[in-house]
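Take a look at the structure set out below.
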Amino acid sequence: MEKTEISFPKSCSSHGEEEKKDVFQELLLTLPKERNWDGTFLYLYQNFWCPSIAMKAVVSFQQHFEARDTDIILASTPKSGTTWLKALAFTIVNRTSYPLKDSPLLTTAPHELVPFTEFDLYFKSQCPNLEDYPTPRIFATHTPYASLPCSIKDSECRIVYVCRNPFDQLISHWHFTLKLRRENVEPLPLEEGFEMYCKGIHSFGPFWDHVLGFWKASLERPDKVLFLKYEDMKENIVSHAKRLAEFIGFPFSSEEEKQGVIEEISRLCSFESLKDLEVNKNGSRPSGAPNNAFFRKAEVGDWGNHLTPSMAKRMEKLIEEKLGGSGLSFKVSSQVQKDDRPCM
Ligand code: PAP
């Protein structure tokens, strides 16, 4: 499928806003659309399913974002560990400015400390002022690799991608959808949501294309793209925090290692620590999502409580079909369906 190319007036001044609005509305009319699990629309834009709420922001991001060499871009499919990665990257970068006991993470939600391009920056304004963000600027995005602004790919900025096995990513997303449930809208039953997922119709899907885009980029440009897996981080967060710090240019000194700073940061950013903070139990995101919806169970294998054995087999086949030969695999473990556990 061809990538949709659009030509917007480049200017960020109010002059031309009307023109931009028209071009955007025209663009929407040309895009295939489907109902998302929660009843809102998804648009097939540049070969990925973009939630209607993020459409305008994604286009503005592509049109106007100018990456700096020092930027750190945290990328992910939704529900793959973004909140965790934001907490870790922010804390690692700012550890000399704030002692951990006074970390802004204790009073500010990770999603506020590291804004999303789609749900914060370009959601609030088509041309946000990003000049005043302290260096290094840390931003997060769910936009697929192929659709990232050119300046991100062409500059020296770093991209850290986190992904998660599709079984758990699907189930986490499913619960998130239920939490966001709008009045008078009955979310699709899981069986139907699963069908759509298999067809790639879900926020920022298809999953396979999203992960493969960043996976290939990480193989081609390992200095540019760090590829992390949620399951590996759960297994050994200390070694991953260390790797992350090195990659983004803020390595731990041997003194810090001896003092146990990596362990302390890992503890501070853990699910158990973050989920009980007042700031994460209350309040909501500009998109309307409550902060507590980003903290549920944080387990590997929770899918076993939700997917039937036949769904699991179908997913297993899809993984083989879509990712076979790519070298990308996922660890999956379930306490529940041990006998039906897919082997990957
Ligand atoms: P987002 O992409 O919409 O920002 P994201 O943070 O990627 O969401 O995913 C939320 C998942 O990460 C939830 O998983 P669950 O539904 O299976 O429970 C959430 O619990 C989990 N999560 C949030 N914070 C952490 C953390 N600090 N450590 C590990 N997992 C976490």
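Being a predicted model, the structure only gives us computed values, none of them experimental. Atoms within each ligand, like the ligands themselves, are counted from 1 in listed order.
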Side chains of Thr70 and Thr135: do they bring a donor and an acceptor to under 3.5 Å?
no
What residues form a salt bridge (Lys or Arg N to Asp or Glu O under 4.0 Å) with Glu195, not counting sequence neighbours?
Arg314
Every residue of the protein that comes under 4.0 Å of ligand 1, judged on heavy atoms:
Pro78, Lys79, Ser80, Gly81, Thr82, Thr83, Trp84, His111, Phe116, His142, Arg164, Ser172, Tyr230, Cys269, Ser270, Phe271, Leu274, Phe294, Phe295, Arg296, Lys297, Ala298
Does Lys86 make a cation-pi contact with Phe116 (under 6.0 Å, within 45 degrees of the axis)?
yes
What do you reckon, are the aromatic ring centroids of Tyr161 and His210 less than 6.0 Å apart?
yes
Would Lys153 count as a cation-pi partner of Tyr145, with NZ or CZ less than 6.0 Å from the six-membered ring centre and within 45° of the ring normal?
yes
Aromatic Phe176 / basic Arg296 pairing, under 6.0 angstrom, 45° off normal
no
